*Asks:* 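Provided herewith is a single structure, encoded as structure tokens, for subsequent inquiry.
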Protein chains: 2
Amino acid sequence: MSEPKNASRLVRKQISFAVYGAAGRMARMHKPFLDPISLTFPQYLVMLELYTDAPRTVGELGTALGMDTGTITPLLKRLQVSGKVSRMRDPEDERRVIVDLTPTGLAIQEEVWGVSEKIKTACQMTEGDLTALRDTLHNFAHPAKA
Amino acid sequence: MSEPKNASRLVRKQISFAVYGAAGRMARMHKPFLDPISLTFPQYLVMLELYTDAPRTVGELGTALGMDTGTITPLLKRLQVSGKVSRMRDPEDERRVIVDLTPTGLAIQEEVWGVSEKIKTACQMTEGDLTALRDTLHNFAHPAKA
DNA sequence: AACTATTATATAGTACGCTAGATAAACCGG
DNA sequence: CCGGTTTATCTAGCGTACTATATAATAGTT
């Protein structure tokens, strides 16, 4: 009776479980590289986004990264406490908060960028496979509107 | 001047960001189906695992799902509070805690199983594509040992 | 039986990630 | 310029997830 009645129902068969496991492993793979520069994985994504274009408002960062305001606000506060970003009200529109890189944040730019290369190496997948997987997941996460 | 100097560094180009986004969207897709039966997404995974084989020890569940003891213990306590599982010390080895389904937990089995079909439909991907993606991610999350 | 090591689980602290509700500035029709 | 709506952000609370540490039972050794 410990035999599963319907093997197709196994957790391991679920696409959701595969994505869940991959996300966890991805974060764990980054940790040893991010710990020395005192960044968590979501903080790392925010820094990458700021290196691409800064300053940005809180809302722009949230939209670009798919993070909720209730997630990104405390995250940015922690980045501010660790000295990597600054936050100030936009004088033009005081509803907005402008996030910018500090000298400290800029100083670790090369190290932050280097992390992605180390990850790609650790993945042990070909460049082509990685690109294909990335595009498949991206299409899933951001499907075309109906 | 808004052109990034190094397009390969963009967050959107990162495989890690693609996995991160897909995991978030996956959890959000499950929410409307899981809310009516008062389950969170990780709790849903635990229930699936228990329907496959119960009773199980805390350690067995954690290994099967890739969850840490610090994650799964409070999760199981919440499932116990909501009446879906029971927890008791193993009389054979009192270090272990045995987790089992309650009548309440068994009663929602068909509903829980039905969720995965609804997700597959909502994904708008072919069965073959889903299987291929699942296997790719599974290989990534559980690579062959060195 | 006492000592030590190992194993299984629990607890505490930090950091997401979500939702709901609050706050305050900007906009807009009359 | 006045009141209502919209927009941008913040706050609070719950549920994961992780790390490090603690507890407690079992197993092995002497």
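Nothing here was measured: the structure is a model prediction, and the numbers come from that model. Naming convention: chains lettered A, B, ... in sequence-line order (proteins, then strands); numbering from 1 in each chain.
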*Asks:* Measure CZ/B:Arg96 against P/C:dT7 and give the value in whole Å, please.
*Replies:*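 Nearest whole value for this atom pair: 13 Å.
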*Asks:* All N/O contacts under 3.5 Å from nucleotides 15-19 of chain C to the protein, with atom names and distances to one decimal?
*Replies:*
| from | atom 1 | to | atom 2 | distance (Å) |
| --- | --- | --- | --- | --- |
| C:dC16 | OP1 | A:Thr40 | OG1 | 2.5 |
| C:dC16 | OP2 | A:Gln43 | NE2 | 2.8 |
| C:dC16 | OP2 | A:Arg78 | NE | 2.8 |
| C:dC16 | OP2 | A:Arg78 | NH2 | 3.1 |
| C:dC16 | O5' | A:Arg78 | NH2 | 2.9 |
| C:dG17 | OP2 | B:Tyr20 | OH | 2.7 |
| C:dC18 | OP1 | B:Arg28 | NH1 | 2.4 |
| C:dC18 | N4 | A:Gly70 | O | 3.4 |

*Asks:* Any sub-3.5 Å donor-acceptor pair from B:Arg87's side-chain atoms to B:Lys77's backbone N or O?
*Replies:*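 No: the side chain of B:Arg87 does not pair with the backbone of B:Lys77.
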*Asks:* How far does CZ of B:Arg56 sit from CD of B:Glu49, to the nearest 0.5 angstrom?
*Replies:*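 Reported to 0.5 Å precision, the distance equals 4.5 Å.
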*Asks:* Provide, to the nearest angstrom, the distance between the CZ atom belonging to A:Arg89 and the P atom belonging to C:dA25.
*Replies:*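 After rounding, the gap between these two atoms is 8 Å.
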*Asks:* How many angstroms lie between CE in A:Met47 and CG in A:Leu34, if you round to the nearest 0.5 Å?
*Replies:*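 Atom-to-atom, A:Met47:CE and A:Leu34:CG are 11.0 Å apart.
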*Asks:* Name every donor-acceptor pair, under 3.5 Å, that has one atom in a side chain of residues 95-107 of chain A and the other anywhere in the protein, sequence neighbours excluded.
*Replies:*
| from | atom 1 | to | atom 2 | distance (Å) |
| --- | --- | --- | --- | --- |
| A:Arg95 | NE | A:Asp93 | OD1 | 3.1 |
| A:Arg95 | NH2 | A:Asp93 | OD2 | 2.9 |
| A:Arg96 | NE | A:Asp90 | OD2 | 3.3 |
| A:Arg96 | NH2 | A:Asp90 | OD2 | 3.4 |
| A:Thr102 | OG1 | A:Gly83 | O | 2.5 |
| A:Thr102 | OG1 | A:Lys84 | O | 3.1 |
| A:Thr102 | OG1 | A:Thr104 | N | 3.4 |
| A:Thr102 | OG1 | A:Gly105 | N | 3.1 |

*Asks:* What's the CG-C1' distance between A:Leu34 and C:dT14, to the nearest Å?
*Replies:*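 Between C1' of C:dT14 and CG of A:Leu34: 16 Å.
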*Asks:* Roughly how far, to the nearest 0.5 Å, is the OG atom of B:Ser86 from the CG atom of B:Leu76?
*Replies:*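 Spacing of CG (B:Leu76) from OG (B:Ser86) equals 10.5 Å.
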*Asks:* Can you sort out the partners of A:Glu111 under salt bridge (Lys or Arg N to Asp or Glu O under 4.0 Å), two or more places apart, ordered by chain and number?
*Replies:*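 A:Glu111 satisfies salt bridge (Lys or Arg N to Asp or Glu O under 4.0 Å) with no other residue.
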*Asks:* Under the rule for side chain to side chain contact (heavy atoms under 4.5 Å, CB included), what residues qualify as partners of A:Asp129, not counting sequence neighbours?
*Replies:*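 With sequence neighbours excluded, A:Asp129 shows a side chain to side chain contact (heavy atoms under 4.5 Å, CB included) to A:Met125, A:Thr126, given in chain and number order.
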*Asks:* Hey, what do you get for OG1 (B:Thr71) to CG (B:Leu65), rounding to the nearest 0.5 Å?
*Replies:*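 These two atoms lie 11.0 Å from each other.
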*Asks:* Which value, rounded to the nearest 0.5 Å, describes the distance between B:Gln14 atom CD and A:Lys120 atom NZ?
*Replies:*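 Rounded to the nearest 0.5 Å, the CD-NZ separation comes to 7.0 Å.
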*Asks:* The helix from C:dA1-D:dT30 to C:dG30-D:dC1: angle between its terminal axes, five pairs each, to 10°?
*Replies:*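 Result, rounded to 10 degrees: 0°.
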*Asks:* So does B:Lys77 get a side-chain nitrogen or oxygen closer than 4.0 Å to the phosphate oxygens (OP1/OP2) of C:dT11?
*Replies:*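 Indeed, a polar side-chain atom of B:Lys77 lies that close.
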*Asks:* At what distance, to the nearest 0.5 angstrom, does NZ of A:Lys118 lie from NE2 of A:His30?
*Replies:*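 Between A:Lys118 NZ and A:His30 NE2, I get 11.0 Å after rounding to 0.5 Å.
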*Asks:* Is the ring pair A:Tyr20/B:Phe41 parallel, tilted or perpendicular, if the boundaries are 30 and 60 degrees?
*Replies:*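 If you compare the ring of A:Tyr20 with that of B:Phe41, the planes turn out perpendicular.
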*Asks:* From the 5' end of DNA chain D to its 3' end, which nucleotides mark the outer limits of contact with chain A, defined by a 4.0 Å heavy-atom distance cut-off (strictly under)?
*Replies:*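 For DNA chain D, the relevant span reads D:dT7 to D:dT19.
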*Asks:* Side-chain N or O of B:Arg95 versus OP1/OP2 of C:dA5: is the shortest distance under 4.0 Å?
*Replies:*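 Negative; the distance criterion is not met.
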